[in-house]
Amino acid sequence: MSKSERVIEREEVVIRFSGDSGDGMQLTGTLFSNTSALFGNDLLTFPDYPAEIRAPQGTVGGVSGFQVHVGQSEVYTPGDFADVLVAMNPAAVKANSKYIRDGGVIIIDEDNFTEKNIKKAGYEKDPIEEDRLDRYNIISAPITTLVRETLKDLGLDPKTVIRTKNMFALGMVYFLFGRDLEYTEEYLKSKFSKRPEIIEANSKVLRAGYHYAETIEAMTPIYKVSPASIEKGLYRTIDGNTALSWGFLAAAEKAGLGLFIGSYPITPASGILETLAARKDLGVKSFQAEDEIAGICTALGASFAGNLAITTTSGPGLALKSEAIGLAVMTELPIVIVNVQRGGPSTGLPTKTEQADLMQALYGRNGECPVVVMAASTPSNCFKYAFEAARIALEHMVPVILLSDGFLANGSEPWKIPSMDSLPEIKPPLVKEGDDVFIPYERDPKTLIRRWAIPGTRGREHRIGGLEKTVKGTVSYIPENHEYMVKMRAEKVARVVTKVPDLQTYGDNEGDMLLIGWGGTYGHLLTSVRELRKEGRKVSLAHFNYINPLPANTAEVFSGFEKLVVAELNAGQFIRYLRMEFEELKFKQINKIQGLPFTCKEIKEQCVKLLEE
Amino acid sequence: MSKSERVIEREEVVIRFSGDSGDGMQLTGTLFSNTSALFGNDLLTFPDYPAEIRAPQGTVGGVSGFQVHVGQSEVYTPGDFADVLVAMNPAAVKANSKYIRDGGVIIIDEDNFTEKNIKKAGYEKDPIEEDRLDRYNIISAPITTLVRETLKDLGLDPKTVIRTKNMFALGMVYFLFGRDLEYTEEYLKSKFSKRPEIIEANSKVLRAGYHYAETIEAMTPIYKVSPASIEKGLYRTIDGNTALSWGFLAAAEKAGLGLFIGSYPITPASGILETLAARKDLGVKSFQAEDEIAGICTALGASFAGNLAITTTSGPGLALKSEAIGLAVMTELPIVIVNVQRGGPSTGLPTKTEQADLMQALYGRNGECPVVVMAASTPSNCFKYAFEAARIALEHMVPVILLSDGFLANGSEPWKIPSMDSLPEIKPPLVKEGDDVFIPYERDPKTLIRRWAIPGTRGREHRIGGLEKTVKGTVSYIPENHEYMVKMRAEKVARVVTKVPDLQTYGDNEGDMLLIGWGGTYGHLLTSVRELRKEGRKVSLAHFNYINPLPANTAEVFSGFEKLVVAELNAGQFIRYLRMEFEELKFKQINKIQGLPFTCKEIKEQCVKLLEE
Amino acid sequence: MNEEIVEYSPNDFKSDQEVRWCPGCGDHAVLAAIIRALAELKIPKEKFAFISGIGCSSRFPYYLSTYGFHGIHGRASAIATGVKIANHDLNVWQITGDGDAMAIGGNHFIHAVRRNIDINIILFNNQIYGLTKGQYSPTSFRGAITKTSPFGTVEEPFSVGELVIGAKGKFFARTIDSNVHLSTEVYKQAALHEGTSVVEVLQNCVIFNDGVHKELTDRETRDETTIVLKQGEPMIFGKNGDKGLKLDGLKLKVVKLGNGITEKDILVHDCEENNPGMHTMLANMRYPGYPVALGVIRCVSAPTYDMSVESQIAKIQKISKIKNVADLLKSGSTWEAK
Amino acid sequence: MNEEIVEYSPNDFKSDQEVRWCPGCGDHAVLAAIIRALAELKIPKEKFAFISGIGCSSRFPYYLSTYGFHGIHGRASAIATGVKIANHDLNVWQITGDGDAMAIGGNHFIHAVRRNIDINIILFNNQIYGLTKGQYSPTSFRGAITKTSPFGTVEEPFSVGELVIGAKGKFFARTIDSNVHLSTEVYKQAALHEGTSVVEVLQNCVIFNDGVHKELTDRETRDETTIVLKQGEPMIFGKNGDKGLKLDGLKLKVVKLGNGITEKDILVHDCEENNPGMHTMLANMRYPGYPVALGVIRCVSAPTYDMSVESQIAKIQKISKIKNVADLLKSGSTWEAK
Ligand SMILES: Cc1ncc(C[n+]2csc(CCOP(=O)(O)OP(=O)(O)O)c2C)c(N)n1
Ligand SMILES: Cc1ncc(C[n+]2csc(CCOP(=O)(O)OP(=O)(O)O)c2C)c(N)n1
Ligand code: SF4
Ligand code: SF4
Ligand SMILES: [Mg+2]
Ligand SMILES: [Mg+2]
């Protein structure tokens, strides 16, 4: 066969890199993704790794994976099944064999398939046989040996040599997709600029992998995924945590305020604090607090002092912030609380994704204590929703909880860089100096927003705090005043609805089924609905980014459908919320509580079942 | 008129003592209540005081009140309106004039109605005129002058003299109700045993008040409330916090376990820690923690070590405990978390009552994190529900949140002392020493309860913690295991329903309206329903003490009624929960968010309105 | 804008709120001293921010006409930290109680001290929880009988100064509510010190812990039971100025002047000494045995967190190519789709 | 019931769980030393309870075959306190990291120390957050470059020993992960001390803070950079045992032996001295300038919280008329309805 005959043109393809925590799979995956992005593909990534820093070598528990879905047209999920699996050891095969597409390719480092490693991975004898992998196209390469061979003349220590294995595998994959090595070589050069021997070693191995793949004729077919036909503009790849961080930077600039972040590190939210800590050039005040309570309390202090103040955390950290969120509600100070959800309850599954903090976000505080609750739904739109959350907080003088999750936080995709001009203005209700009376809880009659007088502003001295107050800020136990203030605070949040865009469906305005989702499941639900519609099903999608308040037209949208099905990565929280809000309607549910995103297959199957019920 | 002619026989009567925070009104009210209880009346009390220790003298904000409702038959509320108001100063009149029954009596210390005090209370000139108090029977006595006169020969300092004023007023009230002075004099003797001059002064003034009332013929009528015809047995008066504390003591004794309380003081829950701290004689380990988090975490440690462990707090404290409740859920250790609700959000109205922490109790944690939620409904049944909460926690290896509120905590009523024999046994699933394998999360197939192996038990060493685990206790990120464990934990809580008695209605099994309530509003709802029924309305009451899980027959009970109306002291939390649980049903609501209990008048009016809608 | 008016009388710092502490509470005197100190600082009023937690003492901000934030229990240090970092131009005070700062707020307190945030922490130590009606606090003496310790506590109290110094504290002073003159002076010094200043005010709670500092405040005993430390001056005290402190090995010793012992033998107070050993001993002196030290015990200069942040930002801004968000969005690896 | 078997080998304390720390992590050596210490204590295995927070180090209890409780971040001191009070017969250990104990858990930590609960706190100080992948901790040195301080931290670290002593600590020791022999000894002494024992283990995180204690562990330098303190022995160190510590006013000074300076001039270590001044100085010694002190620095006996509780209960039970709940229910004022 000639080379050209072996090329298969594909709309999209899914690759999964997988090995021990120390095998460098996250980097390998990232390099492949960036190369594909530069090539012009759309893509979405899904890193998936254990909670231990270096979980025990060779075990299934220690497998670190990075999946990337590359497409010619738009790509919304990391893909259910891998077309190509790179498995550096038997444990990686064990962990992933369920997730390979029929007819897919498995690249293995045969040097690692020793009896000991096979046992460690939990196989009796032969992975191929036990998991019936002969269905797949297995490319078994003595990667370790080849790497040693490649570098034998460089005089490097064995550890350094072994560490380049991932580049060999990456080289093979590049060949398989007909990709350039340029981006990766540039990366190596800038990363190791002070250690030329490392650059040389990695480049050599990368090329060796590429040529090895070229040489062994067995390595068929070659996949070709042409560049995506995407909107014109300047692009970059971005992950959810970075996008979030940048959204806040953009909001602070638009509002003309300093940006303060008070946070305590916690997986998978730490990246936001880390990203913003690096932005001293933009004047960010990043404060690593002694705990989550100090995180939000310093942010509240900074908000009082006139900054755009945010605090970022994950589930258990949000629990700790509960009391102080109440103080934010009572003092009506602007603040954004980001919760990057992970598997719970308690410490739970720290590196896995889940959507089980919704109820906590809505109700996890003492007293009648409503806040605005929003959720981002793709890695890149974390930028938009961070910006919007900040805009709402600042313009409405209200705490906003913004939900993300582990899937969005670590996942990445190409993103069209917006121009700062295209973003809306942000105009907080700041009070200027003056001698007339300033009444702290006096409200705009239409929006119920109070004004913001910042310490340092002459003549606007006033006191706020967590006890119930009159409009003037005087502590008050008067029964009617309390009822009035409780209602005002709730109504103020309700009126944020003016900033909430109407709910749009993907699909039609009526039909047999409306699939309903929120937050990070967007890509999977959208893809599933698309495919169901292709199959002729009358299914549409309504996906929520605004949870409290809900879009004004929600009931109307719901009314067009026979069946309302809520799909979430929890035991059913949004559905319970919708039941409270829409007493008239009946909802059905699809749930998954496995620390993993949905697969489109699951969703489609369950939708079909519910349609046919 | 002869004396006897002036006696009015009453089924029930409401007295409110009211004055400055320093005027001793809480003591006065308590003494009157105890005297009435000893006399054989049923009663219920409602202390109501400002958050400041000594709020500014003479102002409405500084008024401290104590209301007691005394009855011949059973009494369930402190009464909407006072038959007799004792007002030591103009501010006390101002604060209470709305709450006097038509034709009621107001006893005032006219010496305190100086121009200055009248202004301080917020009146322009004359309280009587401004609040149209001439509708009432006003007994204006120069109490301060009379007290000075009474004690002039004792050579006491003026401060001490003035402090006895409350006894004068109490004496007058005793006369008005034909009560004995004996209990009060006994109290004074034991309280001030080391200061005979104080005993003498107070007794003298008490008698002076009594005789003064007897003398002034204006003081009509005399109310007679005969002893209640109550069940035989030994009685005492008890407030909610004491009853709760004792319920736990009883549970520990029945379970044969030590009792540990780890708490941080907070109004209105501190009384429980204080009561149990005094019970070293019963071996209680009471630990005043450095904060609420340490409160629950020490309790969890004590639970791990084999004690009946409880932690007590109020709203903001529950918020702080959220994260650790998750750990209790994950480790499946028995623990009772008591939340004595107060006005919120944030610091809110610390000394006022409210029911606004229900959602927090149900959902205020990260992840899928269900716990048992219960609520006491009268001061005295706090004993029963504390006992039951402990029994469920210990026998089902599950955290239980027990809700009380400021109204129950401080309110008191006569209580028939139960015999310890009449209480059920408590049998925690303890594991004995042994060498066979102990599997920490192995469950009883029927109840799903895991067993409890206490450190010190030979051969049962094991590890638990907040990460997701397999049945064996091994940390696991396996997707299916997580889903399984989440479901098991939820189902285990759901199966506690076997311990939940069926819901009983007061009234009929069907009708036009079912009034639905939970927790501390019981007395008011019951009284309202009784009165509505007397008026011929087809209204019944369903009151909940078990909230998660709900009684098994709830839907069935609900189905018998035309209208379902949920009344609560919040903006509508139980109703939202019921909407989630019973998608088929429609609910209406009655709410009050004023830091105060309902009045029966309000409830009845709203019920009638809803009935006629 | 008007010219800055920075001449104030203490009354200019009073708010229109009714003061709600119990008659006779030591807090009244603290308020009096603080408004005096504020007036004397000659800083524009709008630059002051008073942050508090929860407790009787924490009601303080309501009674001042400055910016104020009555927070939640134990978190005042954190809130104040945020205020100061966000706007280092403000003069930030934290008002707190022994429960608020040493029990629930202990962690934020020691971390503020360690970081040396430039705030002034006024810690009202009445050795009791006032607002919740009389439970013991982490500063209650061992054996204290309170509502939650009816048979006496079984735990050692914190020594505020020792904990502060153990947390790397650079400024610690102690005063007594009733001594308004000394207090005013101490508060001013705390305000002028750059970095975290902790002032422990021995405060009387007339209702729940009346007289706990009686020996130190009574006219008859106070000269014997306390010593007011002054920078550069010998540590002499007593009604007749006839007692002093000397070093005996690694310990302090009270000596009587005369009989060969002269002022020269007496230790001279140096609050600016970096080595904390002496300051810890001074802060730990308890009566009987020693006089209780009042005044500024430790006052050492060191970089503050807030200023270090400012200068790090300034430094990075000078060298970074990223000047605004648009620069950032376009930085690193991007590509053009055409 | 069998006779108590209290002869153990270290392996008896290993659990069947796979150890999941990074290869080369200092935690492995700590585990080795602790199981040795446990075996040598000759206490029945079921009496041990190991409580931890969250962090790499806090995984510890899974690797022991004793009772174990892997808690939540920062709360191990509180959980351990509850365990010990509930059952003072247990031998309770807390395993914690510099983030777990000094950041989020700082308050529980200082309160446990103050109360003198009889638990043994082993604090793994790698000056970094390991589990969350490399952010700075409250013990990271000023200027440390980490994921959250890309331009260096701007805050002073806590000195563990100084904070412990500032919180009224009675036992403080320091050891190094790699010195299993010294560590075993120190852990045993911590276990035997009645009251809160804090052991700071200088631990290497190979991944995120490799070599932070290098000077103190390297074979070539360690004799010069560290001093192992032994009760009653002169404070001598150095490769040739030719250096010692002397007092110079209120400060410590390193001197060379010889040239007139003999062992007699050198300070003798007394960990039982109640006055904390010397111990604080020893705990604060940093290289360069001073050798870092290892071994038991402070070990003072004082009443423990847990035993004080037991004896208060015993005392009250003797005098109270209330012997059971039925007595209580009927106590005070009651009446009979007939
Ligand atoms: C989270 C929380 N826990 C507990 C309380 C109850 N509380 C209010 S003030 C206080 C302690 C007050 O003592 P201290 O700080 O010494 O102030 P003081 O009243 O003595 O001035 C407590 C426990 C609260 N308001 N919030
Ligand atoms: C409430 C909460 N906040 C934050 C975290 C995230 N977290 C886990 S361990 C850790 C710090 C670990 O550092 P350290 O205690 O020094 O332990 P090490 O990993 O270095 O042994 C953090 C911040 C968490 N699990 N829970
Ligand atoms: S209770 Fe004590 S501290 Fe509080 S205001 Fe009254 S006297 Fe002052
Ligand atoms: S990350 Fe560091 S501390 Fe954690 S296991 Fe690895 S080497 Fe040890
Ligand atoms: Mg106090
Ligand atoms: Mg660490």
Side-chain angles (χ1 to χ4, degrees), chain B residues 34 37-38 40 230-237 246 249-250 253 258 260 262 279-283 285 287 289-291 293-294 297-307 309 323-324 326-327 331 416-420 433 454-467 474-475, chain D residues 1-2 15 17 20 44-52 54 59 61-62 64-72 74-87 89-90 107-108 111 309 312-313 315-317 319-326 328-330 332-338:
Chain B
N34 291 349
L38 279 174
I230 46 175
E231 222 182 305
K232 273 184 194 170
L234 193 65
Y235 282 78
R236 63 182 310 135
T237 42
W246 290 9
L249 283 166
E253 190 171 293
F260 179 96
R279 290 278 70 83
K280 293 269 178 290
D281 46 14
L282 296 179
K285 307 242 169 108
F287 180 75
E290 57 273 21
D291 64 14
I293 300 175
C297 286
T298 51
L300 266 178
S303 168
F304 180 62
N307 274 10
E323 191 205 5
L327 181 62
T331 52
K416 184 169 176 233
I417 298 170
S419 84
M420 284 299 289
E433 300 201 344
I454 291 172
T457 312
R458 184 171 307 169
R460 275 32 178 117
E461 295 85 357
H462 66 284
R463 275 67 55 196
I464 57 174
L467 285 165
T474 310
V475 173
Chain D
M1 236 185 287
N2 311 327
S15 80
Q17 298 282 306
R20 295 196 173 192
K45 192 166 84 170
E46 66 271 16
K47 302 249 176 194
F48 288 108
F50 274 75
I51 317 296
S52 65
I54 300 285
R59 290 293 183 97
Y62 293 120
L64 294 177
S65 62
T66 64
Y67 282 96
F69 193 155
H70 182 211
I72 42 180
R75 317 303 173 189
S77 298
I79 299 173
T81 294
V83 172
K84 184 67 188 182
I85 297 175
N87 184 353
D89 207 31
L90 298 175
N107 206 27
H108 312 304
H111 280 270
V309 166
Q312 190 171 71
I313 287 176
K315 202 177 108 190
I316 304 299
Q317 284 186 328
I319 58 177
S320 170
K321 274 182 230 140
I322 292 171
K323 301 296 179 198
N324 54 42
V325 177
L328 174 68
L329 298 183
K330 282 180 241 139
S333 112
T334 63
W335 69 92
E336 192 79 35
K338 282 163 207 159

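Values in this document were obtained by computation on a predicted structure and should not be read as measured data. Residue numbers start from 1 in every chain, and the chains themselves are labelled A, B, ... in the order their sequence lines are given, proteins ahead of strands.
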Do you know which of B/G456, B/P418, B/G466 has the most heavy-atom pairs under 4.5 Å to chain D?
B/G456

Part of D/D89 within contact of chain B (heavy atom distance under 4.5 Å):
neither

Examine whether an atom of D/S333 lies under 4.5 Å from a heavy atom of chain B, and if so say whether it belongs to the side chain, the backbone or both; otherwise answer neither.
both

Using the rule given for side-chain contact (heavy atoms from CB on, under 4.5 Å), can you reason through B/L327 versus D/F69, listing the C-alpha separation, both sets of side-chain angles and the distance that settles it, and then say yes or no?
CA-CA 11 Å; B/L327 181 62; D/F69 193 155; 3.9 Å; yes

Could you look at B/A289 and say if it's the side chain, the backbone, both or neither that has a heavy atom under 4.5 Å from chain D?
backbone

For the student: nearest non-hydrogen atoms of B/C297 and D/I72, plus distance
SG-CD1, 4.4 Å

Looking at every heavy atom in both D/W335 and B/T237, which two are closest together, and how far apart are they?
CZ3-N, 3.7 Å

Most heavy-atom pairs under 4.5 Å with chain B, out of D/R20, D/K321, D/K84, D/Q17, belong to D/Q17

Chain B contact via D/L90 - which portion, at a heavy-atom distance below 4.5 Å:
side chain

Do D/R59 and B/L467 touch side chain to side chain, with heavy atoms closer than 4.5 Å?
yes

Which value, rounded to the nearest 0.5 Å, describes the distance between B/H462 atom NE2 and D/S15 atom OG?
13.0 Å

Separation of D/N87 CG from B/K285 NZ (nearest 0.5 Å)
7.0 Å

Against chain D, label B/A299 side chain, backbone, both or neither, depending on which of its atoms sit under 4.5 Å from a heavy atom there.
neither

Minimal non-hydrogen separation, D/V83 against B/A305, with atom names:
O-CB, 3.8 Å

For D/I85 and B/F287: C-alpha separation, side-chain torsions, deciding distance, then whether side-chain contact (heavy atoms from CB on, under 4.5 Å) applies.
CA-CA 9 Å; D/I85 297 175; B/F287 180 75; 3.5 Å; yes

If you apply the rule side-chain contact (heavy atoms from CB on, under 4.5 Å), what do you find for B/D291 with D/H108, and how did you get there?
CA-CA 9 Å; B/D291 64 14; D/H108 312 304; 3.5 Å; yes

Report the distance from atom OG1 of D/T334 to atom CG of B/L234, rounding to the nearest 0.5 Å.
4.0 Å

Please check if the number of heavy atoms outside D/K330 that lie under 6.0 Å from its NZ is greater than 12.
no

Using non-hydrogen atoms only, which part of D/I54 is less than 4.5 Å away from chain B: side chain, backbone, both, or neither?
neither

In terms of heavy-atom pairs under 4.5 Å with chain D, which of B/G283, B/S419, B/G459, B/G262 leads?
B/G283

At a 4.5 Å cut-off on heavy atoms, which part of B/F304 comes close to chain D: side chain, backbone, both, or neither?
side chain

Report yes or no: does D/Y67 contribute a side-chain atom to a donor-acceptor pair with the main-chain N or O of B/I454 at less than 3.5 Å?
yes

Straight-line distance of D/Q312 CD to B/K280 NZ, nearest 0.5 Å
5.5 Å

Does a sphere of radius 6.0 Å around NZ in D/K323 hold more than 12 heavy atoms from other residues, nucleotides or ligands, not counting ones at 6.0 Å or beyond?
yes

Are B/E461 and D/K45 packed together at the side-chain level, in the sense that at least one heavy-atom pair is separated by less than 4.5 angstrom?
yes

Output the option from D/T66, D/I51, D/T81 having the highest count of non-hydrogen pairs under 4.5 Å with chain B.
D/T66

Heavy-atom proximity to chain D below 4.5 Å, by part of B/I464
both

Taking the side chain from B/R236 and the backbone from D/G332, do they hold a donor-acceptor pair closer than 3.5 Å?
no

So for B/R279, is it side chain, backbone, both, or neither that comes closer than 4.5 Å to the heavy atoms of chain D?
side chain

Picking from B/L300, B/V475, B/T457, which has the most non-hydrogen pairs under 4.5 angstrom with chain D?
B/T457

Measure B/F260 against the heavy atoms of chain D and call it side chain, backbone, both or neither at under 4.5 Å.
side chain

Please classify the contact between B/E290 and chain D as side chain, backbone, both or neither, with a heavy-atom cut-off of under 4.5 Å.
both

Which atom names give the shortest non-hydrogen contact between B/T298 and D/A78, and what distance separates them?
CG2-O, 3.1 Å

Run D/V325 and B/W246 through side-chain contact (heavy atoms from CB on, under 4.5 Å) and show every step you take.
CA-CA 8 Å; D/V325 177; B/W246 290 9; 5.9 Å; no

Under 4.5 Å, counting heavy-atom pairs only, tell me which of B/L282, B/N307, B/L249 racks up the most with chain D.
B/L282

Atom group of B/E323 that falls short of 4.5 Å from chain D, counting heavy atoms:
both

Interface moiety of D/E336 toward chain B, non-hydrogen atoms closer than 4.5 Å
both

What are the two closest heavy atoms between D/Y62 and B/G465, and how far apart are they?
OH-CA, 4.2 Å

